[in-house]
*Asks:* 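Quick one: the structure is below, and I'll ask about it shortly.
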Amino acid sequence: LEEKGGKIVEKPDCNIALNVDAYLPEKYVGSSGERMALYKKIAMIDSKYDEEDITDELYDRFGTPPKPAVNLLQIALIRAYAIKCSVTRVEQSGGEVHIFPTKFDWDIWSDLSKKYGGRIKIVMSGTPYMNLRLQKDERPTDVTESLLFDYIQMNEAKKENETDEE
């Protein structure tokens with residue numbers, strides 16, 4: 001692309017560290033070459049549609065994906081959502097998920113805190129982050145995916161309202 005005069009646009013990075021096993025087991029995808037190709041494809045997930053498309057491919061080619069493979073796909077989706085929310089890092093510490101946005105939209109985070117029953121707190125010491133308290137037996141991947149999806153929806157609605165007011 002660069003040789004043709006185009007610019008290479010680097011995708012922002014986001015590190016996800018949640019306490020789940022997330023990989024393609026060798027027993028599920030036997031060929032290391034196929035596993036590497038799938039890892040590259042999974043890294044490109046940018047939407048729920050992409051995640052579902054790759055999930056369908058796994059079912060078709062290898063049968064029902066084991067839990068670590070499902071987790072891997074969900075983590076890739078969380079990463080895509082986090083990037084859309086200007087989040088650079090998501091990490092679990094015990095019963096909490098810490099979300100590190102580069103930009104704070106106080107209105108949206110406040111609304112999300114209400115929606116999630118006050119389980120979201122803004123921590124301003126050191127590097128500011130959002131702290132989401134997990135409920136008993138709640139999967140960190142499920143709640144993090146939902147929270148970031150809700151943020152995206154609220155942010156899009158806010159932008160539409162701002163456009164309507166102009």
Side-chain angles (χ1 to χ4, degrees), residues 9-24 38-39 41-59 64-166:
V9 178
E10 284 200 33
K11 194 174 180 181
D13 200 18
C14 178
N15 295 317
I16 309 294
L18 298 174
N19 298 339
V20 297
D21 290 331
Y23 62 96
L24 295 172
L38 286 166
Y39 278 123
K41 202 172 205 179
I42 290 167
M44 300 304 294
I45 287 176
D46 193 48
S47 66
K48 186 69 174 174
Y49 174 82
D50 292 343
E51 182 211 26
E52 290 170 349
D53 190 45
I54 294 173
T55 299
D56 289 345
E57 179 182 345
L58 290 176
Y59 271 103
T64 303
K67 196 65 177 165
V70 173
N71 290 341
L72 180 64
L73 291 165
Q74 192 172 24
I75 296 244
L77 181 61
I78 289 168
R79 182 177 178 274
Y81 284 173
I83 290 168
K84 290 176 184 176
C85 297
S86 299
V87 169
T88 58
R89 192 170 71 202
V90 176
E91 59 188 36
Q92 184 176 353
S93 177
E96 300 174 339
V97 174
H98 303 173
I99 300 168
F100 294 83
T102 57
K103 295 183 264 183
F104 279 93
D105 187 314
W106 299 103
D107 294 333
I108 293 175
W109 284 112
S110 177
D111 289 347
L112 285 169
S113 182
K114 290 173 193 164
K115 180 175 181 171
Y116 285 78
R119 297 188 299 140
I120 299 172
K121 302 288 184 226
I122 300 170
V123 179
M124 295 303 294
S125 62
T127 303
Y129 64 92
M130 311 313 293
N131 182 46
L132 170 64
R133 207 173 51 252
L134 297 172
Q135 294 177 334
K136 186 177 180 5
D137 298 326
E138 187 171 45
R139 287 179 30 86
T141 49
D142 292 341
V143 70
T144 303
E145 178 187 340
S146 295
L147 174 67
L148 294 173
F149 180 78
D150 290 342
Y151 182 98
I152 292 167
Q153 297 295 101
M154 289 179 176
N155 193 40
E156 287 174 359
K158 182 178 180 180
K159 285 178 184 176
E160 284 180 23
N161 288 340
E162 289 170 358
T163 303
D164 291 345
E165 291 173 6
E166 291 177 5

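Numbering starts at 1 and runs along the sequence shown. Hydrogens, waters and symmetry mates play no part in the numbers below; they use all other heavy atoms, side chains included.
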*Asks:* Taking the inter-plane angle between the rings of Phe104 and Trp106 on a 0 to 90° scale, is it parallel (under 30°), tilted (30 to 60°) or perpendicular (over 60°)?
*Replies:*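 Aromatic pair Phe104/Trp106 classed parallel.
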*Asks:* Any chance CZ of Phe149 has more than 12 other-residue heavy atoms, nucleotides or ligands included, within less than 6.0 Å?
*Replies:*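 Not more than 12 within 6.0 Å, no.
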*Asks:* Given 3.5 Å as the limit, does a donor-acceptor pair link the side chain of Thr102 with the main chain of Ser86, or not?
*Replies:*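 Flag set: sc Thr102 to bb Ser86 pair under 3.5 Å.
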*Asks:* With the side chain counted from C-beta on, respond yes when Leu18 and Ile78 share a heavy-atom pair under 4.5 Å apart, and no when they do not.
*Replies:*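 The answer is yes; the side chains approach within 4.5 Å.
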*Asks:* Tell me whether Gln74 contacts the main-chain N or O of Ala76 through its side chain, where contact means a donor paired with an acceptor under 3.5 Å.
*Replies:*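 It does not hold such a pair.
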*Asks:* Among Arg79, Glu51, Lys84, find the one that has a side chain to side chain contact (heavy atoms under 4.5 Å, CB included) with Asp46.
*Replies:*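 That would be Lys84.
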*Asks:* With a 4.5 Å cut-off on side-chain heavy atoms, are Lys41 and Asp53 touching?
*Replies:*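 Side-chain contact under 4.5 Å: no.
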*Asks:* Keeping Gln92 on the side-chain end and Asn19 on the backbone end, is there a donor-acceptor pair under 3.5 Å?
*Replies:*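 At least one qualifying donor-acceptor pair exists.
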*Asks:* Given side chains that start at C-beta, do those of Lys158 and Asp105 come closer than 4.5 Å, heavy atoms only?
*Replies:*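 Contact flag for Lys158/Asp105 side chains = yes.
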*Asks:* Using side-chain heavy atoms (C-beta onward) and a distance below 4.5 Å, is Tyr116 in contact with Val143?
*Replies:*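 Result yes, sub-4.5 Å side-chain heavy-atom pair found.
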*Asks:* Taking C-beta and beyond as the side chain, do Glu91 and Phe100 meet within less than 4.5 Å on heavy atoms?
*Replies:*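 They are in side-chain contact.
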*Asks:* Can you check whether Asp50 reaches Ser47 side chain to side chain, under 4.5 Å on heavy atoms?
*Replies:*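 When only atoms from C-beta onward are counted, Ser47 and Asp50 do touch, with a gap below 4.5 Å.
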*Asks:* Strictly distance-based, threshold 3.5 Å: is any side-chain N or O of Tyr39 a donor or acceptor partner for the main-chain N or O of Leu24?
*Replies:*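 Confirmed, Tyr39 side chain pairs with Leu24 backbone.
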*Asks:* Can we say Lys48 and Glu145 salt-bridge, meaning some charged N sits less than 4.0 Å from an Asp/Glu carboxylate O?
*Replies:*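 Salt bridge: yes.
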*Asks:* Looking only at heavy atoms, what is the nearest atom pair of Gly94 and Leu134, with distance?
*Replies:*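 Residues Gly94 and Leu134, closest heavy atoms: O-CD1, 4.3 Å.
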*Asks:* Hey, is the main chain of Pro68 close enough, under 3.5 Å, to the side chain of Asp21 for a donor-acceptor pair?
*Replies:*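 Side chain of Asp21 to backbone of Pro68: no pair is present.
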*Asks:* Any side-chain heavy atom of Ile99 sitting closer than 4.5 Å to one from Trp109?
*Replies:*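 With C-beta onward as the side chain, the pair touches.
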*Asks:* Can you find a pair of side-chain heavy atoms, one from Leu147 and one from Ile120, that are under 4.5 Å apart?
*Replies:*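 Yes; the side chains approach each other to less than 4.5 Å.
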